[in-house]
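Encoded as structure tokens, the structure appears first; notes follow it.
Every chain is numbered from 1, with letters handed out A, B, ... down the list of sequences.
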Number of protein chains: 2
Amino acid sequence: MFSQAEENYLKAIYHLESVSKGGINTNAIAKSLATKASSVSDMIKKLSDKEVVLYKKYKGVTLTELGKKTAANIVRKHRLWEVFLVKKLNFSWDEVHDVAEQLEHIKSKKLINQLDALLGFPTHDPHGDPIPDKDGCINAIDKCLLATLKETETGVCVGVNDSSSEFLQFLDKKGITLGKKIEVLEKEDFDDSLSILIDNKKMSISNKIANNLYIRKS
Amino acid sequence: MFSQAEENYLKAIYHLESVSKGGINTNAIAKSLATKASSVSDMIKKLSDKEVVLYKKYKGVTLTELGKKTAANIVRKHRLWEVFLVKKLNFSWDEVHDVAEQLEHIKSKKLINQLDALLGFPTHDPHGDPIPDKDGCINAIDKCLLATLKETETGVCVGVNDSSSEFLQFLDKKGITLGKKIEVLEKEDFDDSLSILIDNKKMSISNKIANNLYIRKS
DNA sequence: AATAAAGTTTAGACTTGTCTAAAAAATTAT
DNA sequence: ATAATTTTTTAGACAAGTCTAAACTTTATT
Ligand SMILES: [Mn+2]
Ligand SMILES: [Mn+2]
Ligand SMILES: [Mn+2]
Ligand SMILES: [Mn+2]
């Protein structure tokens, strides 16, 4: 059994491993958890004792198979709860994260399996992130950042890179939601901004936005 | 904001006040939380500083208005989650308590209000206990223990006094669930056991059972 | 290769919540 | 009214998790 703090560390390491392969360093974990490197050092020793991470002093940390499975299960719970909040409780996609941060620590196998069933076994959360299955496997869809599309290419919005509520609310305001079809009309060399067509409306999108929106090409 | 531990103490005091009016003593709280009297003393000081309880050394403790409201809100969350688990996730009434003990500490006004709406604003939890409203008010129904009924009297099962899973599973086995009509046929002087009619079936009920089942007379 | 800078760990302290053992107060029995 | 018993509080310790400051390793710079 893992404490809430331990679970949060495992999840942070899991997410860091998914973006930067190789041993995860103390400072990166500290930053992602808004804590201090010394606290991370202490906790890593505990996690190492519990055999969920491999650890060599000064050499960073990697999840063991057990660690990966444990972390994936927390992510699974987080994302299922996010789907629940949006689908059943009328939360908008920018409101769910903080509540899911709490709900992901609830311990009950039956709860999460029944929730999964209630929601119709969803494969992705409201931000387009894949939901790991009971064994921790995720089946990632083939997506790329809008910024990588070339002129005349089209695709469908399938996810966000930044899921801060500011960004999500901005997308709402622009009418950009998951599932919408997007066509790149023009790419401005000067500032890498895009002119796109969405819902038959033409709009201009800054490079910063285009670098935080995932598209499945079509 | 209250910690999980503080919330559990508040809830325990709230429940104790509802059965035995007057200042609640340290040992009673310790017993109901399965902790030690010394721990209770420590915590009571903190709760007193936070102005949710009134406390005079050696004289027991009472909830302030703020304390009552806070505690009632935790009970509200506990019972709404229990309804959710039974109605939406197919839990049986003997499985819900432990999970609700965790869920009751989730902090989100919107979450609990939307949950309330999803469930159709239920007034009672799966064990027949009333669900406090947003202001902490409960509207208790008029109920009495089955053991207090006289021969030939009839009523409807509306709640349980003991909600341990052993007792609840026992009731399931006997076919006794909330809403069922019961008629007292005979009362045995020797051991205070009852002969009752339920679903047109005659069965014998020990005094211990009859003292843990609430009835609304009809 | 030596030094500076950056990253990491340790030492020691603090908070929350818990415990045991001992002291103090309140209650009950003689 | 005094003594015995029960209840409650205090004192001191401990585990988890965090922090700051200092020491230590590794990496980068000269
Ligand atoms: Mn999230
Ligand atoms: Mn998400
Ligand atoms: Mn309960
Ligand atoms: Mn209940």
Side-chain angles (χ1 to χ4, degrees), chain A residues 1-13 16-17 19-63 67 70-71 74 101-102 104-105 107, chain B residues 1-14 16-17 19-63 67 70-71 74 101-102 104-107:
Chain A
M1 207 58 10
F2 295 93
S3 72
Q4 214 152 304
E6 288 168 339
E7 291 192 345
N8 284 334
Y9 276 91
L10 283 175
K11 193 162 55 105
I13 297 166
L16 289 167
E17 277 191 351
V19 291
S20 65
K21 296 287 176 188
I24 305 303
N25 40 304
T26 307
N27 265 356
I29 300 169
K31 192 172 179 188
S32 98
L33 287 172
T35 184
K36 295 294 147 75
S38 55
S39 308
V40 175
S41 264
D42 286 346
M43 180 58 91
I44 282 174
K45 270 172 233 144
K46 284 180 217 162
L47 293 177
S48 181
D49 290 344
K50 291 198 171 187
E51 306 195 333
V52 280
V53 300
L54 296 174
Y55 173 55
K56 280 256 145 42
K57 266 192 206 175
Y58 295 100
K59 296 296 177 193
V61 76
T62 46
L63 291 172
T70 307
I74 303 162
E101 286 290 307
Q102 300 177 60
E104 72 190 4
H105 300 292
K107 277 154 183 83
Chain B
M1 207 59 7
F2 297 93
S3 72
Q4 213 151 305
E6 288 168 338
E7 291 191 345
N8 284 334
Y9 275 91
L10 283 175
K11 193 161 55 105
I13 298 166
Y14 178 84
L16 289 167
E17 277 191 351
V19 292
S20 66
K21 296 286 175 187
I24 304 303
N25 40 303
T26 307
N27 265 357
I29 300 169
K31 192 172 180 188
S32 98
L33 287 172
T35 183
K36 294 296 147 74
S38 55
S39 308
V40 175
S41 263
D42 286 346
M43 181 57 91
I44 281 174
K45 271 172 231 145
K46 284 180 219 162
L47 294 176
S48 182
D49 290 344
K50 290 197 172 188
E51 307 195 332
V52 281
V53 300
L54 295 174
Y55 173 54
K56 280 258 147 37
K57 263 192 204 174
Y58 293 100
K59 296 298 177 191
V61 76
T62 47
L63 292 172
T70 308
I74 303 162
E101 285 289 309
Q102 300 177 62
E104 72 190 4
H105 301 292
I106 302 292
K107 277 155 184 80

Annotated protein contacts, base or backbone, on nucleotides 5-17 of chain C with a non-hydrogen cut-off under 4.0 Å, one of B, S, - each: --BBBB-----SS
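When the P atom of D/dT7 is taken as reference, atom NZ of B/Lys31 falls 11 Å away, rounded to whole Å. Atoms CG (A/Leu47) and P (D/dA16) sit 13 Å apart, rounded to a whole Å.
With a 4.5 Å cut-off on side-chain heavy atoms, B/Ser39 and B/Tyr9 count as touching. The side-chain heavy atoms of A/Val40 and A/Leu33, taken from C-beta on, include no pair separated by under 4.5 Å. Residues A/Val53 and A/Ile24 are not in side-chain contact: their nearest non-hydrogen atoms beyond the backbone lie 4.5 Å or more apart.
A salt bridge links B/Lys11 with B/Glu101; the closest basic N to acidic carboxylate O contact falls under 4.0 Å.
Residues B/Glu7 and B/His105 have side chains that bring a donor and an acceptor to within less than 3.5 angstrom of each other.
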